[in-house]
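What follows is a short report on a single structure.
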Amino acid sequence: MDLADIIRDLGALETSTLAAISAAPDTPALDGIDVEVLGKKGALTGILRGIGALAADDRPRVGAVANTVRGAIEAALAARRAELGAAELTERLARERIDVTLPGRPLRRGSLHPSIEAMTQIAEIFEQFGFVVHESPEIEDDLTNFQMLNIPPDHPARDLWDTLYVDIPGHLLRTHTSPGQIRVMQAMKPPIRALLPGRCFRYESVDASHGFEFFQVEGLMVDEGVTLADMKGLLDEFARAMFGDGKKTRFRPGYYPFTEPSVAFDVECLVCGGPGCPACGRSGWMTILGAGMVHPVVLQYGGLDPERYQGFAFGMGPERISMLKHGITDLRLFMENDVRFLEPFR
Amino acid sequence: MRAPLSWLREFVDIDLEPEALAERLTLLGMEVRGIERRGLAWQNVVVGELLSVEKHPNADRLSLTTVTLGAGEPLSIVCGATNIAPGQRVPVALPGAVLPGDRRIERTEKMGVVSNGMLCSGDELELTADGDGILILAPDTPLGVPLAELYGDVIFDIDVKPNRGDALSIVGLAREVAAITGSAVRMPSFEVVESGPDVADRLTVDVIDAALCPRFVGRWVSGVRVGPSPEHVQMRLLAAGVRPISNVVDASNYVMIELGKPIHTFDGSRVERGHLVVRTASSGERLVTLDHVDRALDPDTLLIADDHGPLAIAGVMGGAASEVTDATTDVIIESAIFDPVSIRRTAFHHALRSEASLRFEKGQECRLARLGADRAAALVAAWAGGSVARGRVDTAPDEPGEDRVRFRPARVARILGADLPREAQVDLLARVGIAVASPAGAADAKVDLVIAAGSKPRTVQVPAAATLEAVVPSWRRDLAIEADIIEELARVNGYDRIPSTLPATALPLFRPSPLALRDVVRHSLAGFGLREVVTHALVSPDHLARWSWSAPPAPADGEGRIDGTPITVTNPLSADHAVLRQDLVGGLVDTVVLNRRRGRDDLALFEIGKGYGRVADAPHEWWRLGFALAGAFDPPSWNRPRRAADLGDAKGVLDALCATLGLDGPEYTALATEAALHPGQAVTVLARTADGTVGLSGVVGAIHPAAAAAWDERAEGTILAEISIRGLSGGVPSVPRGVNPSRFPSVERDLAIVVGAGETAGRVEAVIRASAGALLRSVELFDVYAGAPLGRDERSLAFRIVFGTDERTLADDEVEAAVGAISAAIIDAGGRIRS
């Protein structure tokens, strides 16, 4: 082979390879060409094998031509590869198209009961103010449920708590969480900031706003110098946390034998905002809790000296709070557990 | 308490609009629950005068009247009543009128004669009790005026609290109004015109037990004519919610509403020798009460009796035999004070809680016995005629003086957190009739001050100069200690005038919340897709029998066992809620049934709640988690076939829960002995904490088909679990340990192990774990196969076994040695390795 032959062969290889590249139907065909022409045992190498027979002066010339050919083929391969890749991707994307409007694969979603959630939320709010959660028994004795709370046997105030009694002598189903006040005071020393959530029972016919089983959250704060003004401030903060800024509140006299002075705490009607509607009995106000300064008799039963310690207690129904907050109109729904009712709560 | 505005105005001037008055009363502690406008129901009813009353031409029982309204043409109106005559003024419902009960009046033809409206009875207007005759109005009633303008009223429904028995009266509420307006209260007249014999000639009273009847005042009225009360009296009583009966009975009810003093009247001729005895009943005595019920009397019942026997249950209800009737001419008026506790017990015992007993049981001031007797006698004489015998029978004529309650003005301010100077306190108390005196004696003297009374009394000695004395009006029996005066000051001053501050006292020490672990469990389960419910703790005896556990496993560490006999409510509301539950699954089954009845078949529910039992004579309560899976656990969809929840789903929930709580993987043991659960599809579960204590323990399984069939077939197939968890009763969640992930790869080997009938996956896994050696990281069953080429009773269990160590990459021969050991152990245990 002489120089001219080699250069001609290189030219021919370039021409035929470029033609093959532009005719290649897909990426594997290009890969084949790549190996056949440029590979270790490819055609280009085969041609250059004849270079050994050439004169030393001619070799660099062949080398230069061969590099040009290789460069041209590589460029053509890359260009064709890019061209084919884009087409293949387009084709793949078209092939993989799905009906994106089909429904998703449903995930089972649980929910948390609104009574318990309201209790939890109340606890979280008061925990910010240093209150700690305690619990006390649901089966109480008459002494703690009534007498130590300044409600003697046969006292007319017992009408406020229609009671379910049990067959353990001297015991009943607690009618409120207030006996927890006594138990906390007996167990802890001031400063006391206690929150007592739990289930309560009453002898009460069931209707849209009454049940014989329900929950309550009791609060108790006792120390030297805790005032009614402090109670007002704290409960106003509670209402703001629970129902949002800008809701009017009012305190008015209430009656509980275990607090004096006793207070009822109202928030402006969340339905009508004040003018009066059926939801608020046309008063414009909704009562959310009862409260008052702990009665000296109760402090003494708690083992505290009423001349030294004073404080306040409050009690509220988480279901009532929940009803006001979520616009629920029937208390019975809470213990009925229709899943359609439970679904929205998280 | 229903308080008509017109009646209040008799005793106090009122300029406020009804709504404003209602709000002020509420803010003073007399909560107005409702405002009723009487007369709103009388549309187009006006005053007319009868010009003529003639026989209806075509009907014997009807009259044809002409009525003038003062102006315009007289109207002809047909009327069926017989008490009408020309010249009377009467209520006329014109065509278009609407009467109470939404009764519409139109122009009609009655037996051929046109009637342009209707003449109304008091009953039709709900103004008096008389439904027989037309309501005859006073002759000077203005003509043509709408009736609502003349007789319309505003009635406040006031929630009088149990400590304010004195306010269960118009006069008592008028005093509260006066505290708002600052005006004076006018009392009714207690003047009695007496004539004839001395009362002692007619009436004698012996009180056997003065503790139960501290005072009895009696009066005697002769020559009464019993009949209906004057119309204005009937109107008042009806407005106050009391049905008029007769002038004598109405007089006693009127006094009860006006003064708050229950009065009883007897027919004097029915009382043997006019001699009344106040005593407790002897056993075996009976009395037919006014409601015609023959009642057995127990020895706790206080009676008014005569020499023949019981006449009335004191303070609760009179007897039928001595009742005032139309034939009565002589009336005994009883105005007594009874022991509140005795009255309350008796009223409860006989289920007879009346307006009278409600007032007695709140306690009555001594003075009222005299005032009530005088007022009732005057009203009986005024409305029923007759003469009032001279004087009263009075078993305790000495009336105690006013009580004084010491208080410290500085302490008032310290409790309220309000700057309320001494002078302001004196002024505020004056508004509710409480005078204030300064203590007598030396300036440095000490005086006793009562800070607590009742069952835990306490008196302290304080410097006299720091105190004031509140002179408490006789009717305010609720004011006895310093705190009572503080409350009085707070309410009269107004709670809105007390500042609002945030507590500046010391904070308590940290204490973990007993809700913490419960919240972790609740949020985890909700995250797993379960729905929290709250079911009744009070259940039926059937529920208890069906769902209580016969042999529940020991509880988790520190948790209460299921223990004790069932606790029964002695006064249940219904048999469905008569006992306290000892399980959580029954309520969940009921919730499944309720929702399935309403078309929701796929349910995953949980509850964290208590069970209850009686151990010796003490109550015992324990916390448990219950859950129920029914229907599809994974929600079915177009891209996922429906699959009913099974024991595996429940175990998955428990496995995940244990992982969340930081417990080692739970062990499950077959359980075939609980009646509520399928004997072949139930297990006990036990998981331990890292330190080896029981962290979780309970039972889980499919509902027993027989139990479902007996309870409700909709419960069929439900998976139930009841679980004790350490900390559920008030503990804190465990602290997870940190993990440094190994830098060295682990090695997986899959082993298919063929076992015969009776062998369980759990046992095979245990063999693998026991024999795998220290390099074992995890064992996981990933396939179960039965069928050719295996033998008939054989199953192939395929496990993925992972080996590794934190120190190095494992060599092949180390892994092969471990697998060899496992294979040998499997073969030893009767299985074989499938190649």
Side-chain angles (χ1 to χ4, degrees), chain A residues 103 105-106 108-113 115-116 123 130 132-133 135 137-139 147 150 152 154 156-157 159 164-168 171 191-193 199 203 212-213 223 225-230 232-234 236 251-253 255 260-261 293 295-297 300-301 306-307 310 335 337-339 342, chain B residues 26-27 29 161-163 341 344-345 361-362 415-418 451-452 454-456 458 460 483 486-487 490-491 495 498-503 505-508 511 513-515 522 525-526 529-534 536-537 567-571 573 591 595 600 614 617 619 621 635 637 639-640:
Chain A
R105 189 168 285 111
R108 171 175 282 283
R109 208 185 123 262
S111 58
L112 294 168
H113 194 278
S115 295
I116 313 288
V132 294
V133 176
E135 290 185 309
E138 292 174 25
I139 305 166
Q147 298 178 44
N150 199 29
D154 299 302
D159 288 353
L164 289 163
Y165 293 92
V166 296
D167 56 355
I168 303 178
H171 284 76
I192 293 172
R193 297 190 191 191
R199 193 187 289 246
Y203 186 93
F212 58 89
E213 279 183 41
D223 198 3
V226 176
T227 65
L228 183 67
D230 290 339
K232 281 188 68 177
L234 188 72
D236 270 338
F251 292 83
R252 60 183 169 85
Y255 171 71
E260 189 150 26
M293 299 301 288
H295 197 282
V297 164
Q300 289 196 92
Y301 276 119
E307 278 291 276
Q310 60 188 56
M335 281 234 174
N337 298 302
D338 186 315
V339 294
L342 298 174
Chain B
T26 297
L27 292 177
K161 304 295 192 264
N163 61 331
V341 169
R344 185 174 160 90
R345 285 190 184 159
E361 68 180 49
K362 289 179 173 62
I415 293 283
L416 300 183
I451 59 169
S455 60
K456 198 82 173 173
R458 174 102 188 270
V460 292
I486 297 174
E487 175 168 68
R491 83 177 180 106
Y495 283 87
I498 291 169
S500 195
T501 55
L502 278 177
T505 62
L507 287 166
R511 187 173 189 273
S513 169
L515 308 181
R522 292 172 61 238
L525 292 176
L530 279 72
R531 211 175 279 300
E532 185 176 31
V533 300
V534 173
H536 284 294
I567 296 172
T568 302
V569 174
T570 53
N571 59 332
L573 282 144
T591 309
N595 280 288
R600 291 301 193 97
R614 170 185 182 163
D617 259 353
E621 303 175 7
S637 175
N639 51 10
R640 180 165 55 208

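Top candidate by heavy-atom pairs under 4.5 Å with chain A, chosen from Asn163(B), Leu525(B), Leu515(B), Ile451(B), is Asn163(B). The residue among Ile415(B), Leu507(B), Thr591(B) with the most heavy atom pairs within less than 4.5 Å of chain A is Ile415(B). The most heavy-atom pairs under 4.5 Å with chain A, out of Val341(B), Asn595(B), Val534(B), come from Val534(B). Of the residues considered (Gln147(A), His295(A), Arg252(A)), Arg252(A) shows the highest number of contacts with chain B, using heavy-atom pairs under 4.5 Å. For the options Asp236(A), Val226(A), Ile192(A), Asp223(A), heavy-atom pairs under 4.5 Å to chain B are most numerous at Asp223(A). Highest contact tally toward chain A, considering only Ala452(B), Gly29(B), Pro508(B), Gly417(B), is held by Pro508(B) [criterion: heavy-atom pairs under 4.5 Å].
In this structure, the portion of Val132(A) lying under 4.5 Å from any heavy atom of chain B is its side chain and not its backbone. Within the 4.5 angstrom heavy-atom criterion, atoms from both the backbone and the side chain of Ala483(B) approach chain A. Interface residue Arg511(B): backbone and side-chain heavy atoms are both found under 4.5 Å from chain A. Residue Pro152(A) does not touch chain B at all, counting heavy-atom pairs closer than 4.5 Å. Looking at Met335(A), both its backbone and its side chain come within 4.5 Å of chain B, counting heavy atoms on both sides. Looking at Arg522(B), the atoms closer than 4.5 Å to chain A (heavy atoms on both sides) sit in the backbone and in the side chain alike.
Closest approach of Phe251(A) to Leu27(B), counting heavy atoms only: O-CD2, 4.3 Å.
One finds the CG atom of Asp230(A) at 11.5 Å from the CG atom of Leu416(B) (value rounded to the nearest 0.5 Å). With rounding to the nearest 0.5 angstrom, the CD1 atom of Ile486(B) is 8.5 Å from the CE atom of Met293(A). Atom OG1 of residue Thr227(A) and atom CD1 of residue Ile498(B) lie 9.0 Å apart, to the nearest 0.5 angstrom. Annotation: the span from Tyr255(A) atom OH to Glu487(B) atom CD amounts to 9.0 Å, rounded to 0.5 Å. To the nearest 0.5 Å, the span separating OG1 on Thr501(B) from CG on Leu234(A) amounts to 9.5 Å.
Side-chain contact between Asn571(B) and Leu164(A): present, with at least one pair of heavy atoms (C-beta onward) separated by less than 4.5 Å. Contact of the His171(A) side chain with the Pro619(B) side chain is registered, since non-hydrogen atoms from C-beta on lie closer than 4.5 Å. Considering only heavy atoms from C-beta on, Arg193(A) comes within 4.5 Å of Pro503(B) through its side chain. Two residues are said to be in side-chain contact when any heavy atoms from C-beta on lie closer than 4.5 Å; Arg105(A) and Ser637(B) fail this criterion.
Checking side-chain atoms of Glu307(A) against main-chain N and O of Val460(B) turns up no donor-acceptor pair under 3.5 Å. Judged by distance alone, the side chain of Gln300(A) and the main-chain N or O of Lys456(B) form a donor-acceptor pair under 3.5 Å. Arg458(B) places no side-chain N or O within donor-acceptor distance of the main-chain N or O of Pro296(A), the cut-off being under 3.5 Å. The backbone N or O of Ala537(B) lies less than 3.5 Å from a partner atom in the side chain of Glu213(A), making a donor-acceptor pair. In this structure, Lys161(B) contributes its side chain and Pro253(A) its backbone to no donor-acceptor pair below 3.5 Å. Judged purely by atom type and a 3.5 angstrom limit, Glu621(B) uses its side chain to pair as donor or acceptor with the backbone of Glu138(A). A distance-only check finds no donor-acceptor pair linking the side chain of Asp167(A) to the backbone of Ile567(B) [under 3.5 Å].
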Note to self: Between Tyr165(A) and Val569(B), is the side-chain contact (heavy atoms from CB on, under 4.5 Å) condition met? List the steps.
What the structure shows: CA-CA 6 Å; Tyr165(A) 293 92; Val569(B) 174; 6.0 Å; no

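With no hydrogens or angles considered, a side-chain donor-acceptor pair links Ser111(A) and Arg531(B) at under 3.5 Å.
For the side chain to side chain contact (heavy atoms under 4.5 Å, CB included) test with Glu532(B), the passing option among Leu342(A), Ile116(A), Asn337(A) is Ile116(A); the others fail.
In Arg345(B), the CZ atom is not crowded: 12 or fewer heavy atoms of neighbouring residues, nucleotides or ligands sit closer than 6.0 Å. Annotation for Arg109(A): atom CZ counts as buried by contact number, over 12 foreign heavy atoms lying within 6.0 Å.
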